[in-house]
Structure formats: structure tokens, C-alpha cells
Amino acid sequence: MGLPQLRTFHYCATYLSFSKTAQHFGLSQPAITKQIKKLEADLEQDLFIRAGRKLFLTSAGEALFEYSSQIFSLYEEALGKVRNLSEEKLRLRIVGDLNYMKMNLSGFFAKAYERFPDIEIEIDTAENAKLIFSGVRDKQYDIGILSANYTTIGVRDRLLREDNIYLVASTALASRMRREPDLQPPLLFYKSESSYSSFLQEFMHRNGLSEQNRMTFNSLEMIRQALLKDTGVAILSEDVIKEDILAGRITILATPVESLKIKTRVIYRSDNPMLRSVEACIKLIIAETGKS
């Protein structure tokens with residue numbers, strides 16, 4: 001198995017199409033088919049299986065595709081490194097939810113500067129998880145941090161953390177609510193275009209919480225401050241109020257349905273020319289998230 005054969009296989013596995021691979025290389029489809037047949041003969045394994053007009057990888061094909069992705073990623077990274085030695089700094093672009101970064105990655109930025117002195121790191125924020133995912137998928141960003149589960153060929157993900165969503169109140173207000181069962185404080189609700197907000201909305205609907213008696217905010221910190229002033233109850237994830245709960249300032253209220261979990265993931269492309277730097281950066285992000 002030579003590198004040209006492996007490259008042909010890699011693009012066939014990426015496109016799941018011999019015709020698109022042929023167009024990519026400017027060859028005929030029979031020429032591509034011949035190379036794949038030769039590779040399968042050399043390996044004594046079928047790499048593709050056809051179902052109707054669709055092409056799928058066999059288990060052997062999936063295993064080879066995983067390694068070919070690493071091989072060509074390292075190859076592109078090596079070329080990029082050499083080409084950029086005399087040019088400007090390499091650039092690593094990260095996009096994620098603003099609230100998550102503020103609460104969980106405050107220590108990451110200084111350490112990233114120390115860990116990657118030769119790489120210019122750009123940080124962007126976005127509320128919409130779809131925009132974060134598409135930005136990584138379309139190579140606008142190298143790393144994305146989002147609370148959603150989108151998948152596509154070539155984009156990998158790793159779980160950063162899981163946080164429970166709770167209905168909460170200040171400890172003083174919670175005590176008053178127990179003494180006065182008819183008391184109906186307003187619901188302090190975080191509303192934005194983010195996936196985080198959609199999780200809160202789902203929790204509210206699952207537990208039959210009223211939308212009529214509520215105040216909306218576009219800042220989690222404003223909600224937290226309003227909570228501490230006994231203004232109302234709120235739906236929040238535990239990472240936002242963990243310290244207040246531990247200090248006894250905020251109390252978790254009972255709800256009919258068990259708490260909902262928000263899963264936050266970090267995503268990246270497996271064919272990124274800077275894959276090693278990306279993975280090293282992700283390890284640092286995971287380490288800093290674990291400290292929060």
C-alpha cells in the first residue's frame with residue numbers, strides 16, 4: 001500500500017463517492033475504482049460496501065479511515081509548519097458560548113499564552129450552537145465549545161462537563177415559600193438565542209412552570225444578583241450557582257421532574273493541519289474546565 005493509494009482511499013472515505021473522488025483528482029471513475037480494488041487486494045479486506053446507490057465503509061474501512069485521517073493531518077501540519085517558518089505566527093481560532101467561557105475558562109487564557117508562545121490564539125463568542133458547529137465544520141474555527149450534539153463526518157467531539165439544571169431561590173425566599181404555600185414569586189428567566197436558553201425552556205415545560213409570572217433577562221449574572229436579593233425563583237445550571245449553593249445562599253427547590261442535564265462539548269476537525277496543537281489546546285481546556 002503506497003501513499004497515493006492511501007490518499008485515494010482517504011478521499012473516497014471522506015466523500016463516500018468514487019465519482020466525487022475522481023472529480024477531485026481529475027481522473028476517471030474507473031481509475032479510482034481500480035486503485036481501490038488494488039488496495040483491497042493488497043490488504044485482503046473489503047473497505048467499502050454498496051447499498052443501492054449509496055457507498056458505506058466496512059469495519060476495516062472505518063479503521064483505515066481513522067488512521068489515514070491522522071496520517072494526512074500530520075502531513076498537512078508538517079507542510080504548514082515548514083511554510084510558516086518564515087511567515088507570520090500560526091493562528092488557532094476558538095469559538096464558544098460567552099457565559100461558559102467566563103464561568104469555566106478564565107484560567108485557560110493565560111496558560112494558553114504560556115503553553116503556545118508561537119501560536120496566535122483568537123477567541124470569539126457566539127450564542128447559537130449551530131453557528132459554532134458550522135464554523136468548525138466549515139474551517140472558520142479550529143475549536144468550538146457548545147452545549148449541543150451535532151455530528152458530521154470529519155468533526156470529532158469530547159465531553160467537557162455535565163451540569164444539572166435546577167429550580168432555585170435564595171435561602172431566605174425558599175424558607176418564606178415553605179411558610180407561605182400560596183406565595184408565587186416571579187420566575188427569573190434567562191432568554192437568548194443560545195442552546196443554553198433552550199435547555200432552560202425545556203426544563204420549564206417539563207415541570208409545568210408558568211410563563212405568565214416571569215421576568216426575562218439576557219444576563220446570567222443579573223439573574224444571580226436578583227436571586228440573592230430575594231426577587232424571585234430561577235432556572236439555572238449548577239455551574240452558575242455552585243458557590244452560592246455551597247455557601248448556603250441559594251437553595252434548590254423541589255420539582256415534579258428530575259433535573260435536566262446540560263452536556264457541554266468541545267469539537268474540532270480531524271483533518272485540521274494543526275491537529276496536534278488543537279489536541280494539546282483541548283487538553284488544556286479540559287484541565288481548566290475540571291478546576292471550575
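- Pairing each heavy atom of Ser219 with each of Met222, the nearest pair is OG-N, 3.2 Å.
- Nearest approach of Leu146 to Ala129, heavy atoms of both residues: CD1-O, 3.6 Å.
- For Ala13 against Leu57, the heavy-atom pair with the smallest separation is CB-CD2, 3.9 Å.
- Inter-residue side-chain proximity for Tyr268 and Val155 is flagged as unmet; no heavy-atom pair is nearer than 4.5 Å.
- Clustering ILVMFWY residues whenever any of their side-chain heavy atoms sit less than 4.5 angstrom apart, transitively, puts Tyr100 in a cluster other than the one holding Leu131.
- Checked against salt bridge (Lys or Arg N to Asp or Glu O under 4.0 Å), Glu202 has the following partners two or more places apart in sequence or in another chain: Arg206.
- One hydrophobic cluster, built from ILVMFWY side chains closer than 4.5 Å, holds both Leu47 and Ile71.
- With respect to the salt-bridge test (charged N to carboxylate O, under 4.0 angstrom), the residues Arg276 and Glu77 do not qualify.
- Looking at Ser192, its side chain never comes within 3.5 Å of a backbone N or O of Ser197 through a donor-acceptor pair.
- Taking CD1 from Ile262 and CG from Asp239, the interatomic distance works out to 7.0 Å, rounded to the nearest 0.5 Å.
- Cluster annotation: Leu105 is not connected to Leu159 through the hydrophobic network of ILVMFWY side chains, with a link wherever side-chain heavy atoms come within less than 4.5 Å.
- The shortest side-chain heavy-atom distance between Ile121 and Phe109 does not fall under the 4.5 Å cut-off.
- Inter-residue side-chain proximity for Lys111 and Leu284 is flagged as met; some heavy-atom pair is nearer than 4.5 Å.
- No side-chain heavy atom of Glu76 sits less than 4.5 Å from a side-chain heavy atom of Asp271.
- Exactly one residue among Tyr15, Phe18, Phe48, Phe72 makes a ring pair (Phe, Tyr, Trp, His ring centres under 6.0 Å) with Phe9. That residue is Phe48.
- The backbone N or O of Gly2 lies less than 3.5 Å from a partner atom in the side chain of Gln5, making a donor-acceptor pair.
- No hydrogens or angles considered: a donor-acceptor pair under 3.5 Å links the side chains of Thr8 and Gln35.
- Taking NZ of Lys20 as the reference point, atom OH of Tyr11 lies at 14.5 Å (rounded to 0.5 Å).
- Contact check for Asp142 versus Ile94: no side-chain heavy atoms found under the 4.5 Å cut-off.
- Thr58 contributes a side-chain N or O that, together with a main-chain N or O of Asp46, makes up a donor-acceptor pair within less than 3.5 Å.
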Before you tell me yes or no, could you show the steps for Ser170 and Leu227 under side chain to side chain contact (heavy atoms under 4.5 Å, CB included), namely the whole-Å CA-CA distance, both residues' side-chain angles and the distance that decides it to 0.1 Å?
CA-CA 6 Å; Ser170 69; Leu227 269 177; 5.5 Å; no
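- Not a single donor-acceptor pair under 3.5 Å links the side chain of Ser73 to the backbone N or O of Gln70.
- Residue-environment remark: CD (Glu180) exceeds the threshold of 12 foreign heavy atoms within 6.0 Å.
- Other members of the hydrophobic cluster containing Phe56, listed by chain and number, are Ile49; membership follows side-chain contacts under 4.5 Å among ILVMFWY residues, whether direct or relayed.
- Taking each heavy atom of Asp163 and Ser237 in turn, the nearest pair found is CB-CB, 4.2 Å.
- Lys38 has its side chain out of reach of Lys34: every pair of non-hydrogen atoms, C-beta onward, lies at least 4.5 Å apart.
- Panel note: side chain Thr21, backbone Ser17; a donor-acceptor pair is recorded below 3.5 Å.
- Both Leu209 and Met215 are part of a single hydrophobic cluster, where members link through side-chain heavy atoms under 4.5 Å apart.
- Looking only at side-chain heavy atoms (C-beta outward), Met101 and Phe108 stay at 4.5 Å or farther from each other.
- Panel note: side chain Ser147, backbone Thr264; no donor-acceptor pair is recorded below 3.5 Å.
- The line from CD1 of Ile36 to CG of Leu55 is 9.0 Å long, rounded to the nearest 0.5 Å.
- Salt bridge status for Glu238 with Lys242: absent, with no side-chain N to carboxylate O gap under 4.0 Å.
- Remark: Asn164 CG to Leu236 CG distance equals 13.0 Å, nearest 0.5 Å.
- Between Phe65 and His10, the ring-plane angle classifies as tilted under the 30° and 60° cut-offs.
- Annotation: side chain of Val168 is not in contact with side chain of Thr251 (no heavy-atom distance under 4.5 Å).
- What you find for Met274 and Ile119 is that their closest heavy atoms are CE-CD1, 4.1 Å.
- Taking each heavy atom of Ile145 and Leu160 in turn, the nearest pair found is CG2-CD1, 3.8 Å.
- Residues Ile165 and Leu167 share a hydrophobic cluster, clusters being chains of Ile/Leu/Val/Met/Phe/Trp/Tyr side chains in contact below 4.5 Å.
- Formation of a donor-acceptor pair under 3.5 Å by the Asp138 side chain with backbone atoms of Gln140 is not found in this model.
- Listed by first and then second residue, the ring-ring contact (aromatic ring centres under 6.0 Å, His included) pairs that reach into residues 155-191 are Tyr190-Tyr196, sequence neighbours excluded.
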As a quick check of understanding, evaluate side chain to side chain contact (heavy atoms under 4.5 Å, CB included) for Ile235 and Leu187, giving each step before the final call.
CA-CA 8 Å; Ile235 302 170; Leu187 176 65; 3.9 Å; yes
Could you go step by step and tell me if Leu6 and Tyr67 meet the side chain to side chain contact (heavy atoms under 4.5 Å, CB included) rule?
CA-CA 10 Å; Leu6 185 62; Tyr67 283 103; over 6 Å; no
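- A salt bridge does not link Lys261 to Glu162: none of the charged side-chain nitrogens sits closer than 4.0 Å to a carboxylate oxygen.
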Verdict with reasoning, Arg224 to Glu221, per salt bridge (Lys or Arg N to Asp or Glu O under 4.0 Å):
CA-CA 5 Å; Arg224 177 179 167 274; Glu221 181 57 27; 3.0 Å; yes
Step by step, would you call Leu228 with Ile250 a side chain to side chain contact (heavy atoms under 4.5 Å, CB included)?
CA-CA 7 Å; Leu228 295 174; Ile250 286 178; 3.9 Å; yes
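- Panel note: side chain Arg269, backbone Lys139; no donor-acceptor pair is recorded below 3.5 Å.
- A distance of 10.5 Å separates CD1 in Ile286 from SG in Cys281, rounded to the nearest 0.5 Å.
- Here the straight-line distance linking atom CD1 of Ile282 with atom CZ of Arg156 works out to 10.0 Å at 0.5 Å rounding.
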